[in-house]
Visitor: 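Dumping the structure here so I can ask a few things about it.
Computed from heavy atoms alone, side chains included, the values below leave out hydrogens, waters and symmetry copies. A, B, ... follow the sequence lines: proteins, then strands. Residue 1 opens every chain.
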Amino acid sequence: MSAAAEPALAARYARIVGRRALLLAALAAAAALALLADVATGAAGLPFDRVLTGLFTPDALTRIERVVLWDIRLPAATMALAVGAALGLAGAEMQTVLANPLASPFTLGIAHAATLGASLAIVWGVAVPGLRGEWLLPVAAFVFAMAATLMVQGLAMRQGAGAQTVVLFGVALGFAASALVWLVQYLASADAVQQIVFWSMGSLARATWAHVGLVAAVLAACLPLSLRRAWAMTALRAGEDHARAIGIGVEGLRLATLTRVSVLAAAAVAFVGTIGFVGLVAPHVARMLLGEDHRFLLPGAALAGGLMLSLASLASKTLAPGTLLPVGIVTAIVGIPMFLALLLVQGRRG
Amino acid sequence: MSALAIRALSAAYGRHAVLDRVALPPLPPGSVVALLGANGAGKSTLLKSLAGLIRASGEVDLDGAPLLDLAPAARARVVGYLPQSLPSATSLIAYEAVDGALRAACPGLAAAERDARIESAFARLGLAGLAFRRLDRISGGQRQLVALAQVLARAPRLMLLDEPTSALDLRWQIFVLEAVRGAARRDRAVALVAIHDINLALRFADAVAVLKDGRVLAAGPPRAAVTPDTLAAAYDVAARVETCSLGLPVVVADRALA
């Protein structure tokens with residue numbers, strides 16, 4: 001074999017890449033189907049053909065049907081997809097830049113800080129001038145989540161921005177935020193405590209089109225930026241020293257990625273509450289299916305996250321007929337067995 | 001003309017000077033230089049400062065152009081550094097590791113050229129059979145070979161290899177050093193190789209530099225640079241330099257000096 005011969009390895013690799021592209025397309029199709037099933041399911045008993053008709057010609061529906069489909073189901077279902085995708089992408093990037101399979105939007109204390117912000121808004125933030133009710137909680141959650149991230153980043157930067165330093169600061173900050181949430185709950189009225197608990201369980205029901213648009217816009221802005229560094233991220237999986245050896249500024253890449261990912265995760269949890277599991281597991285599912293090539297892994301993690309949260313949303317409506325279970329709970333209850341099964345299958349194959 | 005000229009290279013970790021105006025004889029294209037010295041002598045620091053991973057000052061010319069002023073991305077195109085640590089055992093595929101490194105370091109390369117270079121690097125290291133295995137499913141030595149394939153695929157003008165044979169068995173040690181020498185001759189490049197096995201170094205190197213406490217103790221052709229005196233000064237051992245039945249120099253260390 002010589003350099004002049006037909007590059008047989010490249011041909012084999014091209015086949016692997018082709019297979020991954022196919023899997024990615026299949027994942028996208030599955031997410032689309034899950035979205036459709038999610039939209040078609042609900043308490044109002046809208047028949048499937050009416051849903052299909054209403055999606056393409058809303059005017060053919062009665063006023064009530066239109067409200068059910070376009071004002072209740074679609075915002076919640078697309079929110080599930082967008083939030084799942086945002087958390088999946090955020091988790092995948094965090095796991096790579098922190099070289100830690102346990103990293104997720106929870107690692108940097110983002111979700112805990114968001115809960116703290118929401119709690120404070122529920123208990124004391126009754127009226128902020130110029131901020132309408134539906135925006136008060138998300139804005140408070142987002143501001144706190146970003147403040148937490150900036151604190152972690154600032155501290156980490158002073159210490160050289162090592163992966164372990166970032167994780168340690170993030171976990172410590174998460175504990176601090178949790179403790180403060182408990183303090184707020186301890187001081188708050190029973191009614192407020194109930195609202196805080198309900199918020200932190202995660203709910204898609206409060207989604208509006210404006211919220212969906214915002215999360216989708218943040219996701220659409222972040223994904224191309226993530227993909228631009230896909231090769232550097234892939235190279236980083238071989239180890240920090242080896243990435244540095246090929247001219248990649250590892251610390252800069254880490255800080256830039258963490259900032260982007262924090263905005264993404266903060267925007268996602270601000271609107272729906274704490275749904276941590278997706279950000280941890282969706283990247284692993286994508287990695288098992290698509291491998292480490294970040295050109296596929298990053299969109300794959302987003303799709304896997306969207307698919308998981310869509311299915312969870314579907315399950316939250318169907319598991320206990322007549323009640324809408326908090327999606328955060330369902331995600332974990334349904335998702336964890338699926339994830340364990342995947343791990344076991346993977347282990348047997350390996 | 002010399003390919004690499006290190007006239008005065010200094011580097012420090014904080015206030016602690018690790019390299020003190022290191023100078024080597026001019027190195028012609030195609031040469032392999034072994035860096036010898038005890039632990040902490042400055043071998044890794046020398047390689048890292050040439051690779052641009054440590055801030056260094058001084059005068060170093062590669063192919064007639066100053067090397068130390070190059071920005072990281074520009075330096076990665078002409079310098080191939082192999083870190084001492086092995087690549088992480090992740091689910092990254094060997095081919096992908098090399099492909100990714102090549103794309104990240106040499107973004108302008110055409111796809112066909114890239115494919116051919118990766119193919120050739122895997123072939124030269126006898127790695128073709130492992131190309132589609134995951135890094136967490138192959139041995140540490142094999143991961144070290146993958147990392148070396150990353151360097152060879154980039155066809156750098158200067159190879160900086162930090163103990164490239166540390167995880168390899170006897171056959172692969174010889175195989176790898178032959179491949180490195182082959183690459184240096186073929187591309188008329190220079191290879192600086194930090195290595196602990198002195199006899200291996202004597203066999204494959206065109207020149208040897210012995211370091212101690214961040215200074216060059218001796219540098220030149222293997223026979224001239226590696227003597228009982230330099231070995232005693234560099235490693236604190238009493239050692240002999242014998243000649244084997246093939247006429248090659250062999251170092252035998254007898255005892256540690258107090």
Visitor: Between Tyr95(B) and Tyr13(A), what is the ring plane arrangement, given parallel below 30°, perpendicular above 60°, and tilted in between?
Guide: tilted
Visitor: Ala238(A) and Gln150(B): which non-hydrogen atoms are nearest, and at how many Å?
Guide: CB-NE2, 4.4 Å
Visitor: Do you know the tightest heavy-atom contact between Gly37(B) and His196(B)?
Guide: O-CE1, 4.0 Å
Visitor: Could you name each residue pair satisfying ring pair (Phe, Tyr, Trp, His ring centres under 6.0 Å) that touches residues 228-249 of chain A, not counting sequence neighbours?
Guide: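 The answer is none; no pair qualifies.
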Visitor: Less than 4.5 Å to any heavy atom of chain A: does that hold for the side chain of Arg154(B), its backbone, both, or neither?
Guide: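 Contact with chain A is through the side chain of Arg154(B) alone.
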Visitor: Between Leu92(B) and chain A, with a heavy-atom cut-off of 4.5 Å, which part of the residue counts as in contact: side chain, backbone, both or neither?
Guide: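 For Leu92(B), the contact with chain A is made by backbone and side chain together.
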Visitor: Between Gly247(A), Ala232(A), Gly249(A), which residue shows the highest count of heavy-atom pairs closer than 4.5 Å to chain B?
Guide: Gly247(A)
Visitor: Is it the case that Gln84(B) and Ser166(B) place a side-chain donor and acceptor less than 3.5 Å from each other?
Guide: no
Visitor: Check Asp99(B) with Arg114(B), please: is the shortest side-chain N to carboxylate O separation under 4.0 Å?
Guide: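 Yes, Arg114(B) and Asp99(B) are salt-bridged.
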Visitor: Counting only heavy atoms closer than 4.5 Å, note whether Arg134(B) contacts chain A via side chain, backbone, both or neither.
Guide: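 For Arg134(B), the contact with chain A is made by the side chain alone.
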Visitor: Output the option from Arg244(A), Arg287(A), Arg20(A) having the highest count of non-hydrogen pairs under 4.5 Å with chain B.
Guide: Arg20(A)
Visitor: Check whether more than 12 heavy atoms from other residues, nucleotides or ligands sit under 6.0 Å from atom CD of Glu113(B), and answer yes or no.
Guide: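 Count over threshold, so yes.
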Visitor: Who in residues 90-105 of chain A is close to chain B, using a strict under-4.5 Å heavy-atom cut-off?
Guide: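 Interface residues of residues 90-105 of chain A: none, nothing closer than 4.5 Å to chain B.
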Visitor: Does anything in residues 278-286 of chain A get under 4.5 Å of chain B by heavy atoms, and if so which residues?
Guide: none
Visitor: Ignoring hydrogens and geometry, is there a side-chain-to-backbone donor-acceptor pair from Glu119(B) to Ala8(A) under 3.5 Å?
Guide: yes
Visitor: Need one label for Arg75(B): side chain, backbone, both or neither, based on atoms under 4.5 Å from any heavy atom in chain A.
Guide: neither
Visitor: Please identify which of these residues, Ile195(B), Ile174(B), Asp197(B), meets the side chain to side chain contact (heavy atoms under 4.5 Å, CB included) condition with Thr165(B).
Guide: Ile195(B)
Visitor: Between Gly291(A), Ala243(A), Ala245(A), which shows the greatest number of heavy-atom pairs under 4.5 Å with chain B?
Guide: Ala245(A)
Visitor: Cut-off 3.5 Å, side chains only: do Thr234(A) and Glu96(B) have a donor facing an acceptor?
Guide: no
Visitor: As an exercise: rank Ala89(B), Ser91(B), Ala51(B), Ala76(B) by heavy-atom pairs under 4.5 Å with chain A and give me the winner.
Guide: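 Among Ala89(B), Ser91(B), Ala51(B), Ala76(B), the one with the most close pairs to chain A is Ser91(B).
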Visitor: Please report the interatomic distance NE2(His294(A)) to CG(Leu297(A)), rounded to the nearest 0.5 Å.
Guide: 5.0 Å
Visitor: Below 4.5 Å, heavy-atom pairs only: which of Ala105(B), Pro72(B), Ala101(B), Ser88(B) has the largest tally toward chain A?
Guide: Ser88(B)
Visitor: Identify the residue among Leu127(B), Leu130(B), Leu152(B) that makes a side chain to side chain contact (heavy atoms under 4.5 Å, CB included) with Leu145(B).
Guide: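 The side chain to side chain contact (heavy atoms under 4.5 Å, CB included) with Leu145(B) is passed solely by Leu127(B) among Leu127(B), Leu130(B), Leu152(B).
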Visitor: Over all heavy atoms of both residues, which pair between Val152(A) and Gly170(A) is shortest? Give the atoms and the distance, please.
Guide: CG2-CA, 3.9 Å
Visitor: Listed by chain and number, what are the side chain to side chain donor-acceptor pair (under 3.5 Å) partners of Ser85(B), not counting sequence neighbours?
Guide: Asp241(A)
Visitor: Where does Leu102(B) contact chain A at under 4.5 Å (heavy atoms): side chain, backbone, both or neither?
Guide: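 Neither the backbone nor the side chain of Leu102(B) comes within 4.5 Å of chain A.
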